[in-house]
Protein chains: 2
Amino acid sequence: MRILVVEDNAALADGISSALTRMEMAVDVVGDGTEADVILRTQEFNLIVMDLNLPGYDGLDILKRYRQNGGKAQVLILTARDTLNDRVKGLDLGADDYLTKPFDLVELEARVRALLRRQSGFKSPEIAIGALIFDSVARRVSLMGEPLDLPRREFCLLELLISRAGQVVSKEQIADSLANFDQDISPNAVELYISRLRKRLAAANISIKTVRGLGYLLEK
Amino acid sequence: MRILVVEDNAALADGISSALTRMEMAVDVVGDGTEADVILRTQEFNLIVMDLNLPGYDGLDILKRYRQNGGKAQVLILTARDTLNDRVKGLDLGADDYLTKPFDLVELEARVRALLRRQSGFKSPEIAIGALIFDSVARRVSLMGEPLDLPRREFCLLELLISRAGQVVSKEQIADSLANFDQDISPNAVELYISRLRKRLAAANISIKTVRGLGYLLEK
DNA sequence: TGCCGGATGACAGGTTCCCGACAGCTTCGG
DNA sequence: CCGAAGCTGTCGGGAACCTGTCATCCGGCA
């Protein structure tokens, strides 16, 4: 799950970032509106956490443009307690939830979880594929009844493959969805995650198929 | 995926065409409005990339007529940065996105991808020919219920034949549509792809007919 | 029958993928 | 603050597979 945090207050951005990282998300942070605007045109995220009070830029503008361009990510707005008006406008312009500052990080986590659940269209939080059970809410995996501890990268990869089960997911898509922008992921690395994940899933007879030249595929 | 590019500037048309071809699309290019008008009446596309500034013809007129006739493809319009008015009119008349010149080809690719994804959400992308089911979005083919893994070249060839099912496709057209700009494809190579594809499809009793001297034909 | 376009087997690169080995990094317990 | 354990990603050899040329064969047509 990729999340973009748009927040100019470095300390707050840091706190949010680490809270979300703890939830096994791939988090990118930008501190000003112009940058956010550019990034939102070129990259995809599952969720955007945006402060409306950006210096020299209106968060609502960014949101509006994002939606006009067809952006489909969930958007969670952060706003000061007294700017109620902003909240209303934000929801009009396509935000999905808001949080008034100051807020507790635990509260943020809960909202994020809720939004992601809503987005993913997972009817029940648990998805079973063969002997594999993937719980998108608790972010737990179990295999043949045994809990399975996955390293972050493998967990994210599995999540991506499951959310697109039955479809081919390209190596590039995988790399994009696992990366934050300070670190690129080589195609070779993707192959490696696949290899490691396969090894773990082999016991339950679940296989990730290679589609040469296109990517990988987890059968439904 | 079939794409029509309407662009009079040959250099630009070429660049766009090869960028899209690299994305494994079947691309047709026309350089003037009259021709575009005719083609849009007679053939179907998944996406149309159209420059509004066509010599002696208004792209907006073409777009308007296309929508009036029930054309449902996604439309991406290209326009100079200063003609804001055109952009607005374009969106009013049924364009789905616009891009201001000059633009980066990477940007174009992203927009195209987004539009095609959006489109596929509304339509079933699956095409069935006999026991063959072809899903161009998921890039999957199945034959008598069994998934069929096709090498890239054969997949593209099949996609082309299917998109022109019932029509004769010349060897030259095939070569053009499969070629990346780095290397040309010999007629003999085309024969070979046909041969290989036939072998795979034989089991389902689907045949590619040879029309001597003209090309090949996939019956509807 | 001879010609010519097309079909196809064989084969030689070339590309893509897999995965073992290894080293840098992070985390965590003491 | 140190060391152990686990995570992450690079490297590279080898396997599997794809691609396109050559050569040969086939079959329609004059």
Side-chain angles (χ1 to χ4, degrees), chain A residues 17-18 21-27 139 141 147-161 168-202 207-218, chain B residues 21-22 24 139 141 147-161 168-202 207-218:
Chain A
S17 168
S18 55
T21 304
R22 230 175 302 134
M23 292 168 68
E24 319 233 19
M25 308 287 168
V27 182
R139 312 194 73 69
V141 184
L148 178 62
D149 241 354
L150 288 179
R152 162 185 325 231
R153 283 272 132 99
E154 290 172 46
F155 181 91
C156 292
L157 171 58
L158 180 59
E159 179 176 47
L160 179 64
L161 288 174
V168 175
V169 185
S170 74
K171 243 183 278 198
E172 203 187 26
Q173 280 175 321
I174 293 174
D176 283 353
S177 115
L178 299 187
N180 355 19
F181 29 68
D182 39 339
Q183 40 169 205
D184 271 345
I185 289 181
S186 72
N188 202 337
V190 173
E191 290 166 15
L192 190 57
Y193 308 146
I194 291 278
S195 164
R196 286 173 180 159
L197 195 52
R198 271 180 176 150
K199 211 175 288 177
R200 292 185 203 265
L201 300 184
S207 70
I208 298 168
K209 213 170 145 195
T210 302
V211 183
R212 219 151 219 281
L214 291 176
Y216 297 91
L217 164 70
L218 180 65
Chain B
T21 304
R22 229 175 304 140
E24 317 218 20
R139 311 201 74 71
V141 183
L148 177 63
D149 267 341
L150 288 180
R152 181 198 318 257
R153 281 272 133 96
E154 289 173 44
F155 182 92
C156 291
L157 172 58
L158 180 59
E159 183 173 41
L160 180 64
L161 288 174
V168 174
V169 186
S170 74
K171 241 182 278 194
E172 197 183 289
Q173 278 176 321
I174 293 174
D176 283 353
S177 132
L178 299 188
N180 300 332
F181 56 118
D182 50 337
Q183 268 273 331
D184 274 341
I185 288 179
S186 73
N188 195 345
V190 174
E191 289 161 14
L192 189 57
Y193 308 146
I194 291 277
S195 166
R196 286 173 180 159
L197 196 52
R198 271 179 175 151
K199 210 175 290 177
R200 292 185 203 265
L201 300 185
S207 69
I208 299 168
K209 212 169 144 190
T210 303
V211 184
R212 272 181 96 82
L214 290 177
Y216 299 90
L217 165 69
L218 180 66

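Below, chains carry the letters A, B, ... as their sequence lines are ordered, and counting in each starts from 1.
- Side-chain atoms of B/Thr210 lie closest to C/dG6 of the nucleotides C/dG6, D/dT19, C/dC17.
- Considering OG of B/Ser186 and CG of B/Leu192, their distance stands at 8.5 Å, rounded to 0.5 Å.
- Separating the CD atom in B/Gln173 from the CG atom in B/Leu161 is a distance of 10.5 Å, to the nearest 0.5 Å.
- Across the protein-nucleic acid pair, A/Leu192 atom CG and C/dG20 atom C1' stand 10 Å apart, rounded to whole Å.
- The CG-C1' distance, from A/Asn188 to C/dA21, rounds to 13 Å in whole Å.
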Contacts under 3.5 Å, N or O only, protein and nucleotides 14-16 of chain C:
from	atom 1	to	atom 2	distance (Å)
C/dT16	O4'	A/Arg212	NH1	3.3
C/dT16	O2	A/Arg212	NH2	2.6

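- If you measure from atom CG of A/Leu148 to atom C1' of D/dC7, you get 15 Å, rounded to the nearest angstrom.
- Straight-line distance from the CD atom of A/Glu154 to the C1' atom of D/dT8: 10 Å, rounded to whole Å.
- Note that the OG1 atom of A/Thr210 and the NZ atom of A/Lys171 stand 8.5 Å from one another [nearest 0.5 Å].
- At whole-Å resolution of the value, CZ in B/Arg198 and C1' in C/dA7 are 8 Å apart.
- B/Asp149 places its CG atom 12 Å from the P atom of D/dT19, with the value rounded to the nearest Å.
- Between B/Ser195 and C/dG6 there is no side-chain polar atom (N or O) within less than 4.0 angstrom of OP1 or OP2.
- By the side-chain contact (heavy atoms from CB on, under 4.5 Å) test, A/Glu154 is found to be paired with A/Leu150, A/Pro151, A/Arg196, A/Leu197, A/Arg200, residues two or more places apart in sequence or in another chain being considered.
- The interatomic distance linking B/Arg196 (CZ) with D/dT19 (C1') rounds to 7 Å, in whole Å.
- Regarding B/Lys199, its NZ atom lies at a distance of 14 Å from the C1' atom of D/dC18, rounded to whole Å.
- Closest non-hydrogen pair, B/Leu217 versus B/Val168, comes out as CD1-N, 4.0 Å.
- Taking CD1 from A/Ile174 and SG from A/Cys156, the interatomic distance works out to 12.0 Å, rounded to the nearest 0.5 Å.
- Between B/Tyr216 and the phosphate of C/dA7, there is a side-chain N or O to OP1/OP2 separation shorter than 4.0 Å.
- Side-chain N/O atoms of A/Ser186 include one lying less than 4.0 angstrom from OP1 or OP2 on D/dT10.
- Taken to the nearest 0.5 Å, the CZ atom of A/Arg152 stands 10.0 Å off from the CE atom of A/Met25.
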